Each structure stands twice: as structure tokens, then as C-alpha cells.
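Here is the structure we will look at.
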Number of protein chains: 2
Amino acid sequence: MTTRSTPDTSRRSERSRKAILQAARDLVAETGYAKLTIEAIAARAKVGKQTIYRWWPSKGAVLLDSVLALSQADQDQDITLPDTGDIETDLKALMRATAAEFAAPAFAAPLRALTIEITADPRLADDYHKRVAAPMEEAKKQRLRSAQRAGQLAADADLDLILDMLYAPLAQHWMLHSGPLASDYTDRLVDAVLRAFSPRT
Amino acid sequence: MTTRSTPDTSRRSERSRKAILQAARDLVAETGYAKLTIEAIAARAKVGKQTIYRWWPSKGAVLLDSVLALSQADQDQDITLPDTGDIETDLKALMRATAAEFAAPAFAAPLRALTIEITADPRLADDYHKRVAAPMEEAKKQRLRSAQRAGQLAADADLDLILDMLYAPLAQHWMLHSGPLASDYTDRLVDAVLRAFSPRT
DNA sequence: TATGCGAACCGAGACGGTTCGTCTTGACAA
DNA sequence: TTGTCAAGACGAACCGTCTCGGTTCGCATA
């Protein structure tokens, strides 16, 4: 009886792996989520379907790896955010950069497709948080802690709540096409959040 | 040449319409989004497939009507939110009620399915905002304006931004399974937002 | 060192099963 | 008489599995 659950990683074709992730990103950016099928990815990557099914459990898992490869080209490296010493400046720059990513099809299209899969699949959501969201949030919290030490945020401020209040409204606008992604919006968002969590005077 | 784009509304079967919306809601709550197919809805509603395709352009459009029928059983009536005179009390109650809806499968499952369709289809997103989100947001803004008049919010507070900062973090947690929906979370959210938009002293 | 062998990968695509969206049929109602 | 209705046949697309040779790798034997 052969166990089919664990293919031999050491013999995996790196060329095929990269071609599949690249094909998934290109296809979703060019033709949209609706036309992103396993068959289309395989054809585009010049790869047999079985090669995809062997290494990924679902289309969403392929997308997760695609987005991961896109967001940290430099791998296994801890993310560090700019620190000018002024939290308002840094957060506004960070939020503007995030909005710019949402506006760039090459980045936004795969991320939107992944978000759809995540919404429908809680297990994929777990993987996403562990491998993509958590490292990014940790970097942001580092920057917020630095601001706390500098007396620019209340000492007892809830950093997770701050990140939610900053990121969620922008992400919501982008995902549901429900509002602007412009920098004056993100600036006002940062202003409001800093007002809520400024040190007591 | 017969124009197929405008079927005769006056001859539409009300029984079939209701059965289809009900079947969509029941199916998605029982078996999940992945198994929600047009064929399954038709079978469940004891309806021909063509009856669905005749009246709705997509599965997402059916879901939109399903959710709409669910959220305003009393139709075409302007929504009015409770007003105890204290904005903090009212907002905390509103947010707890919203979190409770997210936790109830009969309501949450169709809404989650609709959200997925909306994320993939900007035109459906437009319809959703016009027919579902906008009326609810207008009711919330009425309550916020009343709080402004009572001096509980800054006179120049951005009401749209307030609603974003309240709703988006909660919705994000629910959609992406990324955090708690508990009432102590929504309470802290309300506290933070009110801190940011309290009147200048 | 060179040769041979088995295992697991690879691309390609056949296969049966679902679902899609369209089309046809005959019944029924305005 | 006309248009909607339930039912379901139809071809196309995609699913996930399986099969087929071809290739690559590790290991054993000479």
C-alpha cells in the first residue's frame, strides 16, 4: 500500500513550481478571477494538471503561495518598517503605500482572488494569517511600540485594535468597491486613529 | 425578432419567486457556499432552471434579493435606529446586534455568500450598496447627526469615516475569520471611535 | 568509476461526473 | 392567443483522478 499523502519534496521541480505561481498571477490579472481555473493555470504554465494537484490541495492554496511569493520576494527576512521618529508621518506613508498596492492590478488581482477563497474557506484563512498577515502585523506593532516608547501613543493603547481600525476600513473599500482609496482618505483615517489613542494630557 | 431582455413582469409567478429566494437561503445555510448551485436552488424550490435565468442575471443577483428579503421583511419602510439620547449606549447596542447577526448562520451564511459574489463582481457591488448598504448607512448617520446636535460628537466629525471605523473592523473579523466578534471587542471599538470624534473641550 | 535499476517526478491528456447556460416540450393562466 | 411555468435534454467547460511514456535521481553492483 503506497501512501499518497506525502510526495518527495527533494525531487520537486523548482521550474514547474515557479511557472505555476507565475501563471496563476498572470492569468488572474489578465482575465479575472472567474476565468482562473486549474486547467488554465496548467496550460499556461506548460504543466500537467497532476503536478498542481500533487503539491497543492486547492486553487486557494496556489493563490496563497502566489501572493506570498509576490509580497516577500526577499524570503524568510523579517520585515522592518520605516521609522522617522514621527508616528503620524510613518503611518500616513504606510497607508498610502497600501492603497497604492490595492490600485496596482498585478498585486491587487491575485490578492482579491485569494481574499475570495479565504472568505469561503476557514482553513485557508488560518494559513493566510499565519504566513502572510501575522508577520506584517508584527512589523507594524513593532513600529507602534516604538511610538509608545516615544510618548506618541498612550501607554495602554490596544495595538491590535489600532491596526484593525487603520487597515480594515481601507481593505473594506477596496474589496467591496465601497469607497475611495485616495490618500486624503487614508490621511484622515490615520488622524482619527491617532486622536483616539494619543497619550492622556 | 423577439426581445428576450424584458420578460413580462405582470405575469410573473410570486410563488416561484419566493420559493427561489427561500431555497437559496436554506441551501447556503445548510450545505455552504461551495454547494450553492443554480441547479440545486431550482430543484429545492421545485422550479425550472429557466425560471431563475429568466428573472436574475447571476447567482449573485439571486443572493442579493435573498439577503434583501431577509433584512427588511417589512419592505420599503425607512429604517429608524433606537435613540436613548446617549450615543455610546446606542452604538454599543447596535454593534452587539450586528455581531450577533454575524454569528447566526441563517443570516450570516447568505450574507457571506453574497459578499463573495460582490468581491468578484463590481456591478453587483453597486447594486448591493444602493439597495442594502446605503439605506442602513443613512439610518446610522441620522443617529449620528442627532448625537452631533446633542453635543456628543464634534460638529465637524466625518460621519462616513465614523461608520467605516466602526463597521469595517467587525466585518473584516467576520469575513476573514481574523478576530473576535465578542461584545467586549465591539465595546472597545465604540469607545475608541467616540474618543476620536468627541467634541473639543 | 561506470553501468544498471527502481522509484518518483514530469507533461500530456483521457476519463466520468457536475454544473453551466440554452433550448424544447407540453400544461396552464390571463 | 400569448407568455410564463416545471421538467429536463443538450453541448461546453471544468473538476479531480488516472494512465501513459519520458526523464531524473539515488543507490547498488561490477
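In what follows, chains carry the letters A, B, and so on, assigned in the order in which the sequence lines appear, proteins first and then strands, with residues in each chain numbered from 1. Just so it is clear, the model here is predicted, and its values are computed rather than measured.
What separates CH2 of A/Trp55 from C1' of C/dC9 is a distance of 8 Å, to the nearest Å. Per the geometry, CZ belonging to B/Arg54 stands 14 Å off P belonging to D/dA7, to the nearest Å. Distance CZ (B/Arg44) to P (D/dA7): 15 Å, rounded to an integer number of Å. To the nearest angstrom, C1' of D/dC5 lies 13 Å from CG of B/Asp8. Per the geometry, CD1 belonging to B/Ile20 stands 11 Å off C1' belonging to D/dC5, to the nearest Å. For B/Glu14 and D/dC5, the CD to P distance is 11 Å, given to the nearest whole Å. What separates CZ of B/Arg15 from P of D/dT4 is a distance of 17 Å, to the nearest Å. Between B/Ile52 atom CD1 and C/dG21 atom C1' there is a gap of 12 Å when expressed in whole angstrom units.
Within 4.0 Å (heavy atoms only), A/Ser10 reaches no atom of the nucleic acid at all.
The closest side-chain heavy-atom distance from B/Glu117 to B/Tyr33 is below 4.5 Å. Using a 4.5 Å heavy-atom cutoff, the side chains of A/Thr51 and A/Ile20 are in contact. Looking only at side-chain heavy atoms (C-beta outward), A/Leu21 and A/Trp56 come within less than 4.5 Å of each other.
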Distances under 3.5 Å only, N/O to N/O: pair up the protein atoms with those of nucleotides 22-30 of chain C.
| from | atom 1 | to | atom 2 | distance (Å) |
| --- | --- | --- | --- | --- |
| C/dC23 | N4 | B/Gln50 | OE1 | 2.7 |
| C/dA29 | N3 | B/Arg11 | NH2 | 3.3 |

Please list, for nucleotides 16-19 of chain C, all pairs of protein and nucleotide N/O atoms separated by less than 3.5 Å.
none

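Across all non-hydrogen atoms, the minimal contact from B/Leu124 to B/Gly60 is CD2-CA, 3.7 Å.
Within the 3.5 Å criterion, the main-chain N or O of B/Gly85 finds a donor-acceptor partner in the side chain of B/Gln152.
Checking the phosphate oxygens (OP1, OP2) of D/dA6, a side-chain nitrogen or oxygen of B/Thr51 falls inside 4.0 Å. For A/Ser16, a side-chain nitrogen or oxygen approaches OP1 or OP2 of C/dG11 to under 4.0 Å.
Using cut-offs of 30° and 60° on the angle between ring planes, the pair A/Tyr167 and A/Phe102 is tilted.
Evaluated for a side-chain contact (heavy atoms from CB on, under 4.5 Å) with B/Leu166, the options B/Ile162, B/Leu170, B/Asp164 yield exactly one hit, B/Ile162.
When each of B/Ala42 and B/Thr9 is assigned the nucleotide of DNA chain D bearing its nearest heavy atom, the one mapping closer to the 5' terminus is B/Thr9.
Between A/Ser146 and A/Arg143, the side chains place a donor N or O and an acceptor N or O closer than 3.5 Å (distance only, hydrogens not considered).
Side-chain atoms of A/Lys46 lie closest to C/dA12 of the nucleotides D/dA7, C/dA12, D/dC5.
Environment of CZ in B/Arg123: sparse, with no more than 12 heavy atoms of neighbouring residues, nucleotides or ligands closer than 6.0 Å.
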